[in-house]
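In listed order, ligands and their atoms are each counted from 1. Just so you know, residue 1 is the first one in the sequence shown, and it goes up from there.
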Amino acid sequence: MRKEVAKTHAETSQQVALRLKEFINHNPGALVCLAAGDTPLSAYAALIEMQKNGEVDLSSAYYAGLDEWVGLGYENKGSCRQVMEDHFYRPAGIPQAHIHVFDGKAADQQEQAREMEAFIASHGEIQLTVLGIGLNGHVGFNEPQTPQAEGCLLVELDEVTRQVSAKYFDTPIPVEKGITLSLAQLGKAREILLMATGAKKREIVHRILNAPFTPEVPASMLTYEDKTTFYLDEAALGE
Ligand code: F6R
């Protein structure tokens, strides 16, 4: 795994946006998977600015959602769908036909998993993914105790994730389950951009850096030498 350490969150965001721009320009029609959460939002904003300057056509790519809180949909502020729709897909002008996301409100979540798997299969594989990291080391909703499996998974949320979820919602919503692309699915991507910024992530960053390929720290399972880049700011690295 390569490490890219920038001074600030803003600089890390710029680096990630540049890499995304380059990748999308060189791989028209590629399927990309972008995390929601707070960490990558400035990178997406920077990428949209690049498009405004004519540097990239973001609608040349296709987008698979990474995960969703079961029970939540676009109308819930803080759902993955709302975050990505309002911060990326809509301002970037991505056609709906280029986007497939989980519907956390659907009654049959297994069906949501199958539909996502079929969408990904129709594009071959995810080629590039941008992932944030939870305080417990999760990526998507692959929690420390989530059994490893192929495709998409329905997951019991970890206590840490339930507590942290409050930061996304206007009013408390008791979340219990998530639906997510599995580590196996994400690991098939040609390129993986892991992001962690801010002092709160320092402890988990150290665990990832010091113990690769440990199921208790799911992000560490994606620290491939040849295709993963860990984008950090100095606060997260703490050196
Ligand atoms: C979001 C997601 C999560 C977050 C992670 C970090 O789609 O899959 O795994 O990336 O929880 O969240 P932030 O960036 O808010 O610290």
Side-chain angles (χ1 to χ4, degrees), residues 8-10 12-13 16-17 20 32-46 63-74 76-89 99-104 112-113 116 126 128-146 152-170 173 175 177-183 185-187 189 192-205 207-208 217-223 228 230-233 235-236:
T8 61
H9 170 76
T12 297
S13 304
V16 170
L20 272 167
V32 168
C33 172
L34 304 178
D38 293 334
T39 309
L41 297 186
S42 311
Y44 304 155
Y63 299 88
L66 170 62
D67 54 2
E68 188 56 278
W69 311 95
V70 170
L72 305 196
Y74 177 75
N76 300 107
K77 188 186 166 292
S79 68
C80 297
R81 187 177 202 154
Q82 179 273 320
V83 170
M84 291 308 292
E85 194 69 43
D86 291 353
H87 291 267
F88 184 69
Y89 300 135
I99 306 167
H100 188 85
V101 294
F102 293 112
D103 176 0
Q112 289 297 304
M116 179 61 82
I126 289 167
L128 175 141
T129 182
V130 174
L131 299 169
I133 292 166
L135 293 178
N136 59 0
H138 77 195
V139 279
F141 283 139
N142 292 277
E143 304 284 25
Q145 303 312 327
T146 302
C152 300
L153 304 175
L154 266 166
V155 172
E156 286 290 331
L157 297 174
D158 187 72
E159 191 47 42
V160 174
T161 303
R162 293 180 198 211
Q163 279 169 19
V164 171
S165 73
K167 75 169 176 160
Y168 302 116
F169 307 138
D170 282 342
I173 306 180
V175 284
K177 290 196 169 114
I179 183 165
T180 184
L181 302 195
S182 64
L183 289 175
Q185 182 79 66
L186 294 167
I192 298 171
L193 280 54
L194 289 179
M195 291 185 79
T197 56
K200 274 193 182 169
K201 297 284 168 76
R202 194 175 292 170
E203 193 186 322
I204 195 65
V205 163
R207 289 183 67 194
I208 294 165
V217 184
S220 77
M221 302 294 282
L222 297 176
T223 53
T228 303
F230 203 177
Y231 289 88
L232 300 160
D233 65 2

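- Within the 3.5 Å criterion, the main-chain N or O of F141 finds a donor-acceptor partner in the side chain of T180.
- In terms of protein heavy-atom proximity, atom 14 (O) of ligand 1 is closest to T39 OG1, 2.4 Å.
- Of all protein heavy atoms, the one lying nearest to atom 2 (C) of ligand 1 is D67 OD2, 3.2 Å.
- Residue K201 places a heavy atom less than 4.0 Å from ligand 1.
- Taking only nitrogen or oxygen atoms, main chain and side chain alike, C80 does not reach within less than 3.5 Å of ligand 1.
- Using a 4.0 Å cutoff on heavy atoms, Y168 counts as a contact of ligand 1.
- H138 pairs with exactly one of D158, T146, D67, T161 by the side chain to side chain donor-acceptor pair (under 3.5 Å) rule, that one being T161.
- Here OG1 of T39 is found 8.5 Å from CD1 of I133. Values are rounded to the nearest 0.5 Å.
- The ligand atoms of ligand 1 that sit less than 4.0 angstrom from a heavy atom of G132 are 10 (O).
- Of the N or O atoms in A36, one or more lie within a sub-3.5 Å distance of an N or O in ligand 1.
- Protein heavy atom at the shortest distance from atom 6 (C) of ligand 1 is I133 O, 3.4 Å.
- The environment of K200 atom NZ is sparse: at most 12 non-hydrogen atoms of other residues, nucleotides or ligands sit within 6.0 angstrom.
- Of all atoms in ligand 1, numbered sequentially from 1 with element shown, those under 4.0 Å from a heavy atom of D38 are 13 (P), 14 (O), 15 (O).
- A heavy-atom separation below 4.0 Å is found between K167 and ligand 1.
- Nearest-residue assignment for atom 5 (C) of ligand 1 (options M195, H138, K200, M84; heavy-atom criterion): H138.
- Listed for the E68 side chain is a donor-acceptor partner under 3.5 Å among the backbone atoms of R81.
- Ring orientation note: the planes of Y63 and F88 are nearly perpendicular, at an angle over 60° on the 30°/60° scale.
- No side-chain heavy atom of C152 sits under 4.5 Å from any side-chain heavy atom of S182.
- Numbered from 1 in the order shown, with element, the atoms of ligand 1 that lie under 4.0 Å from a heavy atom of G140 read 3 (C), 8 (O), 9 (O).
- Here the closest non-hydrogen pair linking A236 and A196 is CB-O, 3.5 Å.
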